[in-house]
Amino acid sequence: MSTENKKENYKLKQNRYSKGKSNNSKQFTKGSYSSVRAAAFKSTDNSENIQKDKKSYRKKPNYRGNIKKNIQKPSVKIAFLGGLNEIGKNITLIECENDIVIIDCGMAFPDGDMLGVDLVIPDFSYVEQNYERIKGIILTHGHEDHIGGLPFLLSKVNVPIYGTPLTLGLVGNKLREHSLFNKTQLNEVHSGDTIKLGCMSIQFIHVNHSIPDAVAFAIHTPAGTVVHTGDFKIDCTPIRGEMIDLSSFAKIGDEGVLALLAESTNAERPGYTPTERKVSDSLDNLFRSAEHYRIIIATFASNVNRVQQIINCAEKYGRKVAFSGRSMVNYMEVAKKLGYLTIPENILIDLDMLDKYMPEQIVLVTTGSQGEPMSALSRMAYSDHRKVMVGEGDFIIISANPIPGNEKTVGNVVDELLKRGCKVVYESMYDVHVSGHACQEELKIIHRLVKPKYFIPVHGEQKHLRKHADLAEYLGMERKNIFIGDVGSVVEINENYIKELAPVQAGKVFVDGLGVGDVGSIVLRDRKHLGQDGLIIIVASLDVYDGHVISGPDIVSRGFVYVRESEGLLEDVKKLALSILEECAENNVHEWGLIKNRIKDDVSKLISQRTRRTPMILPILQEV
């Protein structure tokens, strides 16, 4: 602006201020205006003068503006109750100000040393302690490791759930099984929607995964934006729907992202995850080569897109389709009802109708791709299935890779099927499976688009988390801005720092039948002990007055030795137990705890010397 224009603007301002002034008002010249403005920034001792003079000029000193610049944003806390240093059991809490939002609530399958355990779920103690602050649960997708723990959580706390249509359909089935459906508020959300939960706004972003309707989250908090990718991959040619919404990630990244939480399952794998359409070509080739066989395909029940490809191939080659396995039937019913699965008319048959068709007219889609002992494929392999017997006329495709830890059980099932004369296609053979998780190059794309200030790798074992952290560092992020946590970890994130706080109560809760949490490490230790070395029970009746033996001791052996072949050893155990009981009676020792411990110790020494085994010793004494 020229000097002349500036002067004209100044005169206009002076004229404007001179209008409507009272007799007591003071007219300012250019010099007096400057002096007052300077006085406004002196010490607070001159506050009276400032208060008196500030009415006389148009623009006040920008106290509020200066204060706003110095106001620090609040922090956001992230608590991990599962999903770190393990596969499955994903659950994360985002806390800001006085509000909490829960991301996912999954379960995990038991390890081989968790004898008799059906499921493993997170410890919900921290959730229960902060129940009143929880605004809702948001779900990324419908896999068991992300929704499987919901019935157990909702039986303790009742909070609203937000998810996409297919995810909520699968959750609804679970809640009906636990009689919780009518008590729970399910809120349907679609990709692109934004919901408000307390002080946080959650934006749902479409991603590709092995199940439809998967989403990521951009959680806008007063502290900043936190992006959680959920499980994802970048598939430019998905079987259903659009490719991942990279433009939304880019836009959010341009606006500024405080922290990124990204899945790490395939962080060790270079390159890109192949498109799901690659499986279609492989399945077509296998259907053609299995012209004279009955085809049995095992896959994840939740992999709706894979089942759709199988149905398409069955229609092409004139085969009927049957589903086996409770979870498979349930998933397909929900997917069909919601329009995520298209089944041509008259192609689907019941399992009971298999005998009415020739083997080469059948495709059987079943559960058991992970070798689960009670799954349909496992029961077929061990001739324990009530309706399906497998043999030389069967062509079996395992359309899934083993989850880490399941390699041995899958191998055992494959061996049993081969022994029965089945032709088996498994793992990487013929490209019958592609992962639903991002490999390194896809992870790099997300990092570059989001451009976070801080990064937390999630969803994976320690090796996966470390590799993902190395990847972020390779892309230019400082190591101090990367946090690798564990189950129970709590991290506080601010625009100026990231720091770890004291951990919260977290861990594994075992589900055994109808019991939840009643099986702990001591019970598992006893089960393992029984399974490895067996049990010896010593039963005796003692005189209530003097403690002498009235009958017994009788020896019962289970899982230790075959009684008829070890009568001498068991007789020696009986004599030793009798001598201990009589010795205690003679010495007036009537404390049953002491007597039982003496029997346990001495009998264990005898058996260890004779057999080098350590069975569980269980004395049972009764007074008569």
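All values derive from a computational prediction rather than experimental measurement.
Neither side chain, Thr167 nor Asp213, offers a donor N or O lying under 3.5 Å from an acceptor on the other. Using modelled atom types, one finds no donor on one side chain facing an acceptor on the other under 3.5 Å when comparing Asn305 with Gln309. At a cut-off of 3.5 Å, with distance as the only test, no side-chain donor of Asn90 or Thr92 sits close to an acceptor on the other residue. Between Glu492 and Ser75, the side chains place a donor N or O and an acceptor N or O closer than 3.5 Å (distance only, hydrogens not considered). Donor-acceptor pairing under 3.5 Å is recorded for the side chains of His468 and His447. Between Ser302 and Glu144, the side chains place no donor N or O within less than 3.5 Å of an acceptor N or O (distance only, hydrogens not considered). Looking only at atom types and distance, the side chain of Thr237 has a donor-acceptor partner in the side chain of Thr275 under 3.5 Å away. For the 3.5 Å distance criterion, the side chains of Asn85 and Gln462 qualify, holding a donor opposite an acceptor. Between Ser264 and His459, the side chains place no donor N or O within less than 3.5 Å of an acceptor N or O (distance only, hydrogens not considered).
Nearest heavy-atom pair, Ala400 versus Phe300, reported as atom, atom and distance to 0.1 Å: CB-CE1, 3.7 Å.
Looking at residues two or more places apart in sequence or on another chain, you find no side chain to side chain donor-acceptor pair (under 3.5 Å) involving Ser327. By the side-chain contact (heavy atoms from CB on, under 4.5 Å) test, Ser210 is found to be paired with His143, Asn303, residues two or more places apart in sequence or in another chain being considered. Remark: Asp99 pairs with Lys135 by the salt bridge (Lys or Arg N to Asp or Glu O under 4.0 Å) rule, at least two apart or across chains.
Between Lys174 and Ile147, some side-chain heavy-atom pair lies under the 4.5 Å cut-off. By the 4.5 Å heavy-atom criterion applied to side chains, Val279 and Arg306 are counted as neighbours.
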Problem set entry | Intermediate values then yes/no, salt bridge (Lys or Arg N to Asp or Glu O under 4.0 Å), Glu333 and Lys336 | CA-CA 5 Å; Glu333 284 181 354; Lys336 182 181 178 183; over 6 Å; no
For this session: Check the pair His437, His464 against ring-ring contact (aromatic ring centres under 6.0 Å, His included), reporting the backbone distance first and the verdict last.
Result: CA-CA 12 Å; His437 301 273; His464 304 125; 9.8 Å; no
For this session: Step by step, work out the ring-ring contact (aromatic ring centres under 6.0 Å, His included) result for Phe204 and Phe217.
Result: CA-CA 5 Å; Phe204 287 66; Phe217 300 125; 5.0 Å; yes
Problem set entry | Criterion side-chain contact (heavy atoms from CB on, under 4.5 Å) on Glu416 and Leu418, from CA distance to verdict | CA-CA 5 Å; Glu416 289 299 319; Leu418 292 172; over 6 Å; no
Problem set entry | His209/His146 under ring-ring contact (aromatic ring centres under 6.0 Å, His included): CA gap, chis, key distance, verdict | CA-CA 13 Å; His209 191 40; His146 293 260; 7.5 Å; no
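Classification of Asp254 and Lys451 as a salt-bridged pair holds, one side-chain N sitting under 4.0 Å from a carboxylate O. Salt bridge Glu473/Arg479: present, at least one basic N to carboxylate O contact under 4.0 Å. A salt bridge is defined here as a Lys NZ or Arg NE, NH1 or NH2 lying under 4.0 Å from an Asp or Glu carboxylate O, and Arg326 with Glu177 meets this definition.
Note that NZ of Lys453 and CG of Asn494 are 8.0 Å apart. Values are rounded to the nearest 0.5 Å.
Environment of NZ in Lys77: sparse, with no more than 12 heavy atoms of neighbouring residues, nucleotides or ligands closer than 6.0 Å. Residue-environment remark: OH (Tyr474) stays at or below the threshold of 12 foreign heavy atoms within 6.0 Å. When the shell of 6.0 Å around NZ of Lys480 is examined, it contains 12 or fewer heavy atoms from other residues, nucleotides or ligands.
For the pair Asp145 (side chain) and Met107 (backbone), a donor-acceptor distance under 3.5 Å is absent.
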